[in-house]
Every structure is written in structure tokens, then in C-alpha cells.
Protein chains: 2
Amino acid sequence: MTVSKSAEKSAEATKGRKDATDGPPEALQLGELSEQLGYVLKRAQLKVFENFLRCMASLQLTPAQFSVLLLVEKNPGRNQTEIASTLGILRPNFVAMLDNLESRDLCARIRSTNDRRSHILVLTDKGKAVLTRAKKLVATKHESRLNELLGSANRAALIEMLSKIANEF
Amino acid sequence: MTVSKSAEKSAEATKGRKDATDGPPEALQLGELSEQLGYVLKRAQLKVFENFLRCMASLQLTPAQFSVLLLVEKNPGRNQTEIASTLGILRPNFVAMLDNLESRDLCARIRSTNDRRSHILVLTDKGKAVLTRAKKLVATKHESRLNELLGSANRAALIEMLSKIANEF
DNA sequence: CGATATTTGATATGGTCCATAACAATTATC
DNA sequence: GATAATTGTTATGGACCATATCAAATATCG
């Protein structure tokens with residue numbers, strides 16, 4: 001609990017803050033924080049997810065669920081372990097996720113005839129229809145904002161740089 | 001549990017996958033996923049945080065703790081509510097965080113003489129020293145990798161685009 | 001002034017996501 | 001054919017996030 005003298009001085013210097021000048025609430029200085037990669041990356045990610053959820057409110061799809069549907073559509077006939085691992089989801093945590101998608105009739109587990117341990121994942125007809133609508137919503141309401149904000153060229157550059165970080169950092 | 005006919009067909013078509021060609025394990029196709037802003041953002045963020053934690057292992061500082069120390073240093077004499085809210089941390093969740101930093105003698109709460117409700121936050125001498133070392137580690141081991149990976153100009157452009165997203169999306 | 005409302009830090013609590021251990025059924029290996 | 005490895009699953013605990021609530025202190029306003 002040792003407080004330095006300079007710390008005490010700072011506290012005293014603060015005594016007069018509120019009374020000194022009664023201007024605006026004095027926003028804090030971010031300082032070096034605004035140059036920290038992790039900080040700005042996290043904040044951007046939160047904003048993007050938040051916007052994604054708003055755009056998908058009518059379909060009730062989270063970013064993670066959307067990624068599962070996309071991956072299953074692109075790779076039909078793969079089992080849970082394969083889909084989960086390429087998404088960075090641990091197998092135990094993938095179970096409840098699939099239970100959810102399956103209960104909504106978007107996705108189905110099918111016992112493989114090759115290996116009766118594994119469950120083959122497939123989109124249902126409803127799942128395909130929902131995914132089609134989801135893609136349109138994402139394209140028109142979500143990803144389009146990136147172009148408005150950054151421009152098409154910058155948007156492509158951003159995605160490429162993020163991919164590079166995700167793969168090579 | 002209605003499985004479409006095409007879904008069943010996909011399942012059957014899969015029966016022969018493993019036996020068809022015994023080449024490599026056949027990596028999955030990411031498809032449109034690699035163009036999804038949210039997906040690549042999240043993955044990049046995870047990698048960056050992971051690397052940050054490795055770089056800071058000797059100081060045992062998480063990204064969130066580092067951001068708190070940075071903000072308190074830049075804005076001495078502010079109270080918990082101010083520091084927490086500008087970091088997007090809810091006041092209840094900020095209490096345990098400060099308990100941790102204070103127990104390690106990195107940060108101190110001081111009763112304000114103006115408003116005896118609020119706690120003024122200040123870095124201790126040890127906190128300042130640790131933060132100085134942390135900044136050096138981040139600069140040399142963490143942020144430097146960005147320059148290696150993207151180049152200085154692209155790095156600056158990336159940070160700026162992410163800030164724009166964080167603030168205007 | 002004094003009653004009421006607001007603010008601050010704190011506690012309790014619940015939800016979601018993430019990680020590990022363990023298990024039964026099935027398959028691979030030797 | 002005995003042993004090892006894999007698949008989906010359950011149970012469980014930790015980290016993070018959000019809401020409601022509280023006591024103490026302060027602000028507001030009649």
C-alpha cells in the first residue's frame with residue numbers, strides 16, 4: 001500500500017480539478033493507448049460484432065453461428081471435429097452450439113456409415129435458406145458499411161492485413 | 001429434425017471420402033469466411049492478445065491491466081468511474097481489477113478530499129517502474145512485429161482504419 | 001434549512017465464452 | 001485379439017461481461 005510522494009502530490013493537485021474551471025467534463029486523454037494495436041483491435045472487433053448482431057437480429061444468428069453455417073455449406077460431409085477445429089472452437093464447446101442449430105432445424109448431424117463414431121454435418125433446407133438470407137443481410141447492411149467508411153480499396157487492404165496478422169503473427 | 005434430400009445425398013457422397021484418395025488430410029475450404037470482416041478481425045485480435053501475453057509474461061500484465069496503467073499514468077487524479085468508463089469497463093467489474101493492481105502495489109486508491117465518495121487513482125512508484133518496463137517490452141517485442149510483418153506505413157494505416165471502425169462504425 | 005434525488009464504489013448474481021479432465025462407443029494399431 | 005487412439009459428449013471451473021441493489025456521500029430544489 002506504499003503510495004509514493006509524487007502520487008500524493010498528484011492527489012492534492014487534483015483537489016482543485018472540479019472547481020478550477022467549470023467547463024465541459026474534461027474528457028480523458030487516451031495517450032499512447034490509441035496507438036496500441038491490441039487496444040484498437042479489440043475495440044474495433046466489439047463494434048463490428050455489435051453491428052453484426054443488429055443486422056442479424058431478424059435471423060437470430062451470432063457471428064459464431066454464421067461462421068459455422070458458412071463453413072458447413074462450403075464443406076458438406078465433414079464431421080464435428082473438423083468443422084470445430086478449423087473455426088478454433090474446442091470440441092466440447094461445439095456440442096451446445098450444434099444442439100442449438102439443430103434444434104432450430106438449420107443444421108443436422110448424420111451418423112457416418114464409414115466411421116460410426118463421427119457425426120457428419122449438413123445444412124438442412126431451412127438452414128440453406130436462412131444462410132442465403134443471412135449472406136444478403138451481411139452484404140447489404142454490414143459489410144457495405146466498411147466500403148462507405150473506408151472505401152473499397154482500403155477495405156480490401158484491411159482484410160488482407162488482418163488475415164496476415166491472424167495467420168503469421 | 002427434417003433433413004433435406006440434398007442433405008442426405010451429401011452425407012452419402014461423403015461415405016467414400018476417406019477411402020477415395022489417401023492423400024493429405026484434406027484441409028477445409030474457408031470460402032467466404034476469409035472475407036468476413038468480423039471473422040478475420042476476431043482471429044487477428046486473438047493472435048495479438050496471445051502474443052501480448054507472451055511478451056508480458058515476466059511482468060504478468062494482461063492487455064486490460066496494461067491499458068489501465070497507461071490511462072492512469074496519462075490522467076492522474078481521476079476516479080474509478082472515469083477511468084473505467086473510458087476503457088469500456090463497467091464499474092462493478094472494475095473493482096476486482098483494481099483490487100488486483102492495488103494488491104500488487106502497482107496502483108493506489110486515494111480518498112478524494114473534494115468528494116469523499118470517489119477514489120482518486122494513482123500509480124505507485126512500483127507501478128510507474130513496471131509500466132516503463134512494460135512499455136519497452138511492448139515496443140520491442142510486440143509492436144515491432146507489426147512493422148516486420150506489414151511495414152511501417154501499412155502499420156500506421158491499419159491502426160488508423162481500426163480506430164475509424166472503433167469510433168464510427 | 002431539509003427532503004429527495006443523484007453519484008460513487010462496492011457486492012451479489014447470472015450469463016456467455018473458453019479450457020481441461022474424464023467417459024463410452026467405436027475404430028486403429030500392433 | 002489386447003492395447004491405443006479417436007469421436008462425441010458431459011461435467012466443471014475460470015475469465016469476462018451485464019444488471020440489480022446497497023450504503024455513504026453529495027447535489028438539487030422546494
Side-chain angles (χ1 to χ4, degrees), chain A residues 14-15 17-19 22 25 38-39 42-43 45-47 49-50 52-53 60-68 77-103 107-122, chain B residues 14-15 17-19 22 25 38 42-43 45-47 49-50 52-53 60-68 72 77-103 107-122:
Chain A
T14 299
K15 278 174 48 177
R17 178 182 299 282
K18 188 178 292 182
D19 316 285
D22 247 1
Y39 178 74
K42 180 75 185 290
R43 297 214 83 129
Q45 184 258 318
L46 288 176
K47 271 290 186 70
F49 269 42
E50 190 184 320
F52 184 98
L53 287 173
Q60 285 286 92
L61 283 182
T62 68
Q65 291 168 337
F66 180 65
S67 70
V68 170
R78 298 299 191 129
N79 64 25
Q80 296 184 198
T81 299
E82 291 171 310
I83 297 291
S85 75
T86 78
L87 287 176
I89 303 174
L90 292 174
R91 278 64 50 118
N93 300 328
F94 195 47
V95 174
M97 240 184 113
L98 272 186
D99 288 346
N100 181 349
L101 294 176
E102 203 172 20
S103 72
C107 180
R109 303 182 229 222
I110 304 179
R111 291 222 99 85
S112 168
T113 52
N114 285 338
D115 186 340
R116 297 186 42 225
R117 288 171 298 186
S118 60
H119 290 170
I120 295 307
L121 296 184
V122 183
Chain B
T14 299
K15 278 175 47 179
R17 179 183 296 283
K18 189 177 290 180
D19 316 284
D22 247 2
K42 181 75 185 286
R43 297 213 82 126
Q45 185 258 316
L46 288 176
K47 271 291 185 69
F49 269 42
E50 188 184 318
F52 184 97
L53 287 174
Q60 286 285 90
L61 282 183
T62 68
Q65 291 168 337
F66 180 65
S67 71
V68 170
V72 171
R78 297 298 190 132
N79 64 25
Q80 296 185 198
T81 298
E82 291 172 309
I83 296 292
S85 75
T86 77
L87 287 176
I89 303 174
L90 293 173
R91 279 63 50 124
N93 300 327
F94 195 48
V95 175
M97 241 186 111
L98 273 186
D99 288 346
N100 180 352
L101 293 176
E102 204 171 21
S103 73
C107 179
R109 304 182 229 221
I110 305 180
R111 292 221 98 86
S112 168
T113 52
N114 286 336
D115 186 339
R116 296 187 40 226
R117 291 171 298 186
S118 59
H119 290 169
I120 294 308
L121 296 185
V122 182

> Nearest whole angstrom, please: distance from the C1' of D:dC16 to the CZ of B:Phe49.
12 Å

> Return the CD to CD1 distance between B:Glu82 and B:Ile120, rounded to the nearest 0.5 Å.
7.0 Å

> Starting from C1' on C:dG9, measure out to CD1 on B:Ile83 and report it in whole angstrom.
15 Å

> My understanding is that only residues two or more places apart in sequence, or in another chain, count here; which of them pass side-chain hydrogen bond (donor to acceptor under 3.5 Å, both in side chains) with B:Glu50?
B:Arg54

> How many Å lie between CD on A:Gln80 and P on C:dT26, as a whole number?
16 Å

> Quick check on DNA chain D: between A:Lys42 and A:Leu98, whose nearest nucleotide comes earlier from the 5' end?
A:Leu98

> How far apart are the closest heavy atoms of A:Thr81 and A:Arg91, and which atoms are they?
CG2-NH1, 3.7 Å

> What is the per-nucleotide protein-contact pattern of nucleotides 19-25 of chain D, from the 5' end, where B denotes a base atom under 4.0 Å from a protein heavy atom, S denotes such proximity for sugar-phosphate atoms only, and - denotes neither?
BB---BB

> Starting at atom CG of B:Leu53, determine the distance to atom C1' of C:dC18, rounded to an integer number of angstrom.
14 Å

> What integer distance in Å separates A:Arg91:CZ from C:dA22:P?
16 Å

> Partners of A:Phe49 by side-chain contact (heavy atoms from CB on, under 4.5 Å), sequence neighbours excluded?
A:Gln45, A:Pro63, B:Lys42

> How would you list, by chain and number, every residue that makes a side-chain hydrogen bond (donor to acceptor under 3.5 Å, both in side chains) with A:Asn93, sequence neighbours excluded?
none

> For B:Asn79 and C:dA10, give me the distance from atom CG to atom P, rounded to whole Å.
11 Å

> Using the test ring-ring contact (aromatic ring centres under 6.0 Å, His included), find all partners of A:Phe66 that sit at least two apart in sequence or belong to another chain.
A:Phe52

> Looking at residues at least two apart in the chain, or sitting in another chain, which of them share a side-chain hydrogen bond (donor to acceptor under 3.5 Å, both in side chains) with B:Asp99?
B:Arg109

> OP1 or OP2 of D:dG8 sitting under 4.0 Å from any side-chain N/O of A:Thr81?
yes

> Between atom CD in A:Gln65 and atom P in C:dT16, what is the gap in whole Å?
11 Å

> Would you tell me if any nitrogen or oxygen in the side chain of A:Arg109 comes within less than 4.0 Å of OP1 or OP2 on D:dT7?
no

> What integer distance in Å separates B:His119:NE2 from C:dT7:C1'?
13 Å

